[in-house]
Asker: 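So that we are looking at the same thing, I have put the structure below in C-alpha cells.
Throughout, a chain's letter reflects where its sequence line sits, starting with A, and its residues are numbered from 1.
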Amino acid sequence: MTEEKREELKPSVSFIEQFIIDDLKEGKNQGRIHTRFPPEPNGYLHIGHAKAICLDFGMAKKYGGKCNLRFDDTNPVKEDVEYIDSIKEDIQWLGFDWEEREFYASDYFGKLYEFAKELIGRGLAYIDDQPADIISAQKGTPTAPGTESPYRNRTIEENLDLFERMNKGEFDEGSRVLRAKVDMTSPNMHMRDPIIYRIIKSAHHRTGSAWNVYPMYDFAHGQSDYFEGITHSLCTLEFEVHRPLYDWFIDQLKSDDYRPRQIEFNRLNLTYTMMSKRKLLELVQEGKVRGWDDPRMPTICGLRRRGYTPESIRRFVDLIGYTKVEAINDVLLLEHAIRDDLNIRAPRVFGVLNPLKVIITNYPEGKVEEVTLINNPEDESQGSRNVPFSREVLIEHDDFMEKPANKYFRLAPGMEVRLKGAYIIKCEGFKKNETTGDIEEVYCSYDPDTKSGGEASNKKVKGTLHWVSALHAVDAEVRLYDRLFDHEDPSGQKEDDYRSFLNPGSLKVLTGCKVEPALAQAKPLDKFQFQRLGYFCVDYDSVPGKIVFNRTVSLKDTWGKMNK
RNA sequence: UGACCCAUGGUGUAAUUGGCAACACGUCAGAUUUUGGUUCUGAAGAGUCCAGGUUCGAAACCUGGUGGGUCAACCA
C-alpha cells in the first residue's frame, strides 16, 4: 500500500478500543485507563497470549495508561514458579514493560479472605458440607434450574466459625466449600451459588503453607482487578458468561464510582495448529515435539527459536484485529508478516542445502578470488561482504537438470547461468552414476569477461544461482519445518484425536549442507536470508564447527508453485 | 429444549454509527529484477445467512427463522 493510500484510509478502531474511547470521553474512573495481563503460571505463553498481551499493553500505552502483569496463581496444585520466569521473558521479548507492577493474585489472599468473611456476615455466602458430586447435581443443567443446598441457610456465626476452621486446616480437602449465595434458578450456571473457596492443603509457590483455603478464579480475578484499580479487564469470549458474576462481586465490593469493566474478545486460532495449553503440554510430554520451544510449536519461545521477530508477531496481531467472531486465522498471514519483516532486516547469504559439485574446467587450479556481494538490496546501510570463489563450487542439486523442463531457467547441458556475484558459466557436461542415476558432478566453462561489475557482466542470462566455494564453505545442519498438523483444525474434530493429524513430515533434518565461510561466526538467533531459499535462524544447538540453522519460512516460490 | 454471544469475497477484518461494500492476505495476469525473492501495475472474486418490517435510502435498526459458538471443574 502506498503512503497516499494509507492516508486516505479512515482510521478504524476495534470495538474494544471504541469502548475505551467512549469511557474516557464520559470521564469514567477519573479518566484513567489501566489494564492487566493475567497469565496463570501453569505453562508457556503461546501466540494466542501474544494477541492478549498486545491488546492489554497496547491499549494502556496508546491512551496514556498502565498495564499490570498479574499472575493468576490461585491454584497451587497446578501452578509452579518454573513458568513465571519464562512468562516474564516472553512478554519482555515481545516488547512490553510492566515496570514495577508485577503482581500476584496471591498478594490479595488476605484481602480476599476478609471479603469472603464480609459476605458471610452479610448473609451472602455460606459453607456447604456436601461432596462435589452432590453440589454438582444440585446445580442443575443449562436447561433446568438448580436446587438449593440444605446448608444454604446456616447461621452467620456457624458459617464464620466453619470458614475459619477450614482455613486452620481442621477439615479435609473436599469436605467443605464456601459458596456465594446468589440464585440457584438463574439461567446462568455461574450464578447458581458458585463455589468461591475450597480447601487445598498443597503448598503454594509463594505463600507456602500459610493458607488451607484458596479462592476460585471467579472470586479472585475481578476483585484483584478492583484492588489494582484496573479499569478495563480484557479477556477472551469464553468468559462472557462469567461477566454477570464478575459484576455481582464488584457490586458487593465497590464503595464509590470506580468499577472495572470486563470486555471479551475473540481468541486467536491459527490454521494447522492449536492453542490448547493442555494439548501442547501433551505434545511435549509425549515427545511428539522436542520441547516447549520446539520451532514447530505456536509458543512464543518456539516462534522465537524458529526465527520470528517480536515486530512480526506484533504486526500479525495488528493485522488480524479483535472482534467477537470466533475465527480461524490462516497461518499464511503469520508467514507473510515474518517475510515482510525479515525482507528488510535479514542479511542475504549463500547457503546450499543439497550440494552438487560444479567444476569450472577452464578456471585456473588453485586460484581463489574474493567477490563482493551486497548484504541486503532492501537496505543499503547493511553494506557488502567478500566471498571466496574458486574452481570448484557447490550449487543446489535442484539447480541442475539433465533434461530441463519447460521454462527451467537454471543449469542444464549447454545452458548458461550466472553464479550470482561471480561469473556466467556454461554447462559442458556432467558425470552420472549409471547404477543409481545420480548426477555426481557437473562440468562447466566460465567466461572471464562476465565477472560481476566487469565489461560483459550485463549479458542476459535466464538464471542466477547461489553457490559456495567447495574449498571454503563450512558445514551446517539445516532443519526444515513444515506445519505440525496436516489438518486445518486438528483439535476441533469430534471423531478424531488431534494426534492423528500430526504431520510426519513436519521436521526434516538436512546434514551436509554448506554455507559461506563467514557464517561460522554466527550466533544463536542470528537471522539470514539464504538467497533464493528462505529465511533461516541460527539454532541454540549450534556448536563450534557445526552450526545449525532453522528455516523460519521459505521464500515465495513461483517456480515451485508452477510445478505443483 | 434454557440463557448468552456471533453471522460481510477463499481467509481475516473495515465501512467515521442509516448514504457509492473497502483494506490486508491469498489467487490470476503483466512489468521490473544479477534472488523464479522484493517492488510496481492491473484483474477476478461478496451485494453483506434467510424471510419479513421501518425508511427516500439498511451490511447497520426491529421481528421471526436458520446456522455456528459458549455455559452444567472444589480449573483458569
Asker: Counting any heavy atom closer than 4.0 Å, what does A/G453 reach on the DNA or RNA strands: base, sugar-phosphate only, or nothing?
Answerer: base
Asker: Once you apply a heavy-atom cut-off of 4.0 Å, does A/R192 come out as touching a base, just sugar-phosphate, or nothing?
Answerer: nothing
Asker: Looking at the side chain of A/T143, which of B/U1, B/C75, B/U70 is the nearest nucleotide?
Answerer: B/U1
Asker: Just wondering, do A/E40 and A/D73 contact through their side chains at under 4.5 Å, heavy atoms?
Answerer: no
Asker: It should be established whether A/R198 places a side-chain nitrogen or oxygen under 4.0 Å from OP1 or OP2 of nucleotide B/A76.
Answerer: yes
Asker: What's the CG-P distance between A/L245 and B/C4, to the nearest Å?
Answerer: 17 Å
Asker: It should be established whether A/N329 places a side-chain nitrogen or oxygen under 4.0 Å from OP1 or OP2 of nucleotide B/U13.
Answerer: no
Asker: When you compare B/U17 with B/U8, how far apart are their P atoms, in angstrom units rounded to a whole number?
Answerer: 23 Å
Asker: Going by side chain to side chain contact (heavy atoms under 4.5 Å, CB included), A/K527 matches just one of A/I338, A/T552, A/T309. Which one?
Answerer: A/T309
Asker: Which nucleotide wins on minimum distance to the side chain of A/K460, given the candidates B/U13, B/G36, B/U34?
Answerer: B/U34
Asker: Of the candidate nucleotides B/U38, B/C71, B/U35, which contains the atom at the shortest distance from the side chain of A/H190?
Answerer: B/C71
Asker: Are the side chains of A/D128 and A/Y126 in contact, using a 4.5 Å heavy-atom criterion?
Answerer: yes
Asker: Of the nucleotides B/G36, B/U34, B/C5, which one has an atom closest to the side chain of A/W559?
Answerer: B/G36
Asker: Of all the choices, B/U13, B/A14, B/A76, which nucleotide is nearest to the side chain of A/N266 once you look at every atom?
Answerer: B/U13
Asker: If I take atom CG in residue A/N458 and atom P in nucleotide B/U34, what distance separates them, rounded to the nearest angstrom?
Answerer: 8 Å
Asker: For B/U27, does either OP1 or OP2 sit under 4.0 Å from a side-chain N or O belonging to A/K561?
Answerer: yes
Asker: Figure out the CD/P separation between A/E326 and B/G67, and round it to whole Å.
Answerer: 18 Å
Asker: Hey, does the side chain of A/N269 reach the backbone of A/A327 with a donor-acceptor pair shorter than 3.5 angstrom?
Answerer: yes
Asker: Just to be sure I understand the rule, does A/P39 reach a base, reach only the sugar-phosphate, or reach nothing, if contact means heavy atoms closer than 4.0 Å?
Answerer: nothing
Asker: Quick one: which of B/A24, B/U13, B/C74 gets closest to the side chain of A/L333?
Answerer: B/A24
Asker: Side-chain contact, heavy-atom cut-off 4.5 Å: A/D193 with A/E148?
Answerer: no
Asker: Just checking A/P131: base, sugar-phosphate only, or nothing, at a heavy-atom cut-off of under 4.0 Å?
Answerer: base
Asker: Do the side chains of A/R410 and A/E396 get close enough for a salt bridge, i.e. N-O under 4.0 angstrom?
Answerer: no
Asker: So what does A/Q18 touch, heavy atoms closer than 4.0 Å: a base, only the sugar-phosphate, or nothing?
Answerer: base
Asker: Does a distance-only test, which skips hydrogens and angles, find a donor-acceptor pair under 3.5 Å between the side chain of A/R339 and the base of B/G37?
Answerer: no
Asker: Centre-to-centre under 6.0 Å for A/F239 and A/H221, is that the case here?
Answerer: no
Asker: Would you say the base of B/A76 stacks on A/Y217 (centre-to-centre below 5.5 Å, plane angle below 30°)?
Answerer: no
Asker: How is A/I328 classified with respect to the nucleic acid when contacts are heavy atoms under 4.0 Å: base, sugar-phosphate, or nothing?
Answerer: sugar-phosphate
Asker: Which value, in whole Å, describes the distance between the C1' atoms of nucleotides B/U11 and B/A73?
Answerer: 35 Å
Asker: Whole angstroms only, please: what is the CG-P distance between A/L334 and B/A24?
Answerer: 19 Å
Asker: Should B/G45 form a Watson-Crick or G-U wobble pair with both distances under 3.5 Å, which nucleotide is its partner?
Answerer: none
Asker: Which residue, A/E79 or A/D22, contacts RNA chain B at a nucleotide closer to its 5' end, judged by nearest heavy atom?
Answerer: A/D22
Asker: Provide, to the nearest angstrom, the distance between the CG atom belonging to A/L270 and the P atom belonging to B/U11.
Answerer: 16 Å
Asker: OP1 or OP2 of B/G26 sitting under 4.0 Å from any side-chain N/O of A/K556?
Answerer: yes
Asker: Pairing check on B/A31: which nucleotide meets the Watson-Crick or G-U wobble criteria with it, both distances under 3.5 Å?
Answerer: B/U39
Asker: Test for a donor-acceptor pair under 3.5 Å between the base of B/U35 and the side chain of A/T464, counting only N and O atoms.
Answerer: no
Asker: Watson-Crick or G-U wobble partner for B/G9, using a 3.5 Å limit on both distances?
Answerer: none
Asker: Compare side-chain N and O positions of A/S136 against OP1 and OP2 of B/A72 and report whether any pair is under 4.0 Å apart.
Answerer: no
Asker: Is there side-chain contact between A/V515 and A/V468, with at least one heavy-atom pair below 4.5 Å?
Answerer: no
Asker: A/D379 has an atom CG; how far is it from atom P of B/G37, in whole Å?
Answerer: 21 Å
Asker: Is the glycosidic angle of B/U17 within 90° of 0, making it syn, or outside that range, making it anti?
Answerer: syn
Asker: What nucleotide, of B/U13, B/A76, B/U38, holds the atom closest to the side chain of A/A327?
Answerer: B/U13
Asker: Report the nucleotide, chosen from B/A14, B/A76, B/U39, that has the shortest atom-to-atom distance to any side-chain atom of A/F239.
Answerer: B/A76
Asker: Does a side-chain N or O from A/T74 land closer than 4.0 Å to OP1 or OP2 of B/A76, or not?
Answerer: yes
Asker: Need the pair for B/G64. Rule: Watson-Crick or G-U wobble, both distances under 3.5 Å, any strand; none if unpaired.
Answerer: B/C50
Asker: Using purine N1 to pyrimidine N3 plus N6-O4 or O6-N4 for Watson-Crick, or N1-O2 and O6-N3 for G-U wobble, each under 3.5 Å, what pairs with B/C4?
Answerer: B/G69
Asker: Can you find an N or O donor on one side and an acceptor on the other, under 3.5 Å apart, linking the side chain of A/E378 with the base of B/G37?
Answerer: yes
Asker: Using a cut-off of 4.0 Å on non-hydrogen atoms, how would the nucleic acid contact of A/E40 be classed: base, sugar-phosphate, or nothing?
Answerer: sugar-phosphate
Asker: Looking for any heavy atom pair under 4.0 Å, which part of the strands does A/K78 touch: base, sugar-phosphate only, or nothing?
Answerer: base
Asker: Measuring from the side chain of A/E238 (C-beta onward, heavy atoms only), which nucleotide among B/G36, B/A72, B/U70 has the closest atom?
Answerer: B/U70
Asker: For A/N188, which contact category applies under a 4.0 Å heavy-atom criterion: base, sugar-phosphate, or nothing?
Answerer: nothing
Asker: When the aromatic ring centroids of A/W559 and A/F409 are compared, is their separation below 6.0 Å?
Answerer: no
Asker: When we call it a touch if two heavy atoms are under 4.0 Å apart, what does A/R243 touch: a base, just sugar-phosphate, or nothing?
Answerer: nothing
Asker: Tell which nucleotide pairs with B/G18, taking only Watson-Crick or G-U wobble pairs whose two distances are both under 3.5 angstrom.
Answerer: none
Asker: Over all strands shown, is A/G421 touching base, sugar-phosphate only, or nothing at heavy-atom distances under 4.0 angstrom?
Answerer: base
Asker: Rounded to the Å, how far apart are A/M189 CE and B/C5 P?
Answerer: 18 Å
Asker: Would you indicate what A/E488 reaches in the nucleic acid, counting non-hydrogen atoms under 4.0 angstrom: base, sugar-phosphate, or nothing?
Answerer: nothing
Asker: Need one value for A/E335: base, sugar-phosphate or nothing, where a base atom within 4.0 Å counts as base even if backbone is also close, heavy atoms only.
Answerer: nothing
Asker: Flag the pair A/F15 / A/I263 as yes when at least one side-chain heavy-atom distance between them is below 4.5 Å, and no otherwise.
Answerer: yes
Asker: For B/G47, does the O4'-C1'-N9-C4 or O4'-C1'-N1-C2 angle fall within 90° of 0, making it syn, or is it anti?
Answerer: syn
Asker: Expressed as a whole number of angstroms, how long is the span from A/R345:CZ to B/G37:P?
Answerer: 23 Å
Asker: With sugar-phosphate meaning primed atoms plus P, OP1 and OP2, does A/Y322 contact a base, only sugar-phosphate, or nothing at under 4.0 Å between heavy atoms?
Answerer: sugar-phosphate
Asker: B/G36, B/U35, B/U11: which one has an atom nearest the side-chain heavy atoms of A/Y408?
Answerer: B/G36
Asker: Under 3.5 Å for both donor-acceptor distances, Watson-Crick or wobble: does B/C75 have a partner, and if so which one?
Answerer: none
Asker: Would A/E416 and A/K462 pass as an ion pair if we require N to O under 4.0 Å?
Answerer: no
